[in-house]
Amino acid sequence: MAGDDMLQTESNLRFYQRRAAQERLMAARAVTNAARERHEMLAARFNDRVEQMQAHFA
């Protein structure tokens with residue numbers, strides 16, 4: 001059903017937004033450069049997913 005797909009997509013969008021924010025926070029709190037870089041990379045990947053989903057449903 002189309003309505004079910006939209007509800008699932010919204011849930012995924014919120015998940016990716018939350019994970020991007022969490023990774024940015026962990027990057028800011030990272031002790032080592034390697035950890036910070038890894039968290040920044042993950043934040044960017046989650047943010048890319050957010051942007052892709054928003055473009056798809058815009």
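None of the values given here were measured: they were computed from a predicted structure. All values below come from the heavy atoms of this structure, side chains included, with hydrogens, waters and symmetry mates left out.
Inter-residue side-chain proximity for R36 and H39 is flagged as unmet; no heavy-atom pair is nearer than 4.5 Å.
Applying the side-chain hydrogen bond (donor to acceptor under 3.5 Å, both in side chains) criterion to Q22, with sequence neighbours excluded, gives R19.
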Walk me through it: do R14 and Q17 pass the test side chain to side chain contact (heavy atoms under 4.5 Å, CB included)?
CA-CA 5 Å; R14 284 192 300 269; Q17 289 169 327; 4.1 Å; yes
Show me the side-chain donor-acceptor pairs of residues 42-58 shorter than 3.5 Å, one per line, residues at least two apart or across chains.
unit_1: N47; atom_1: ND2; unit_2: E51; atom_2: OE2; d: 3.1
unit_1: R49; atom_1: NH1; unit_2: Y16; atom_2: OH; d: 3.0

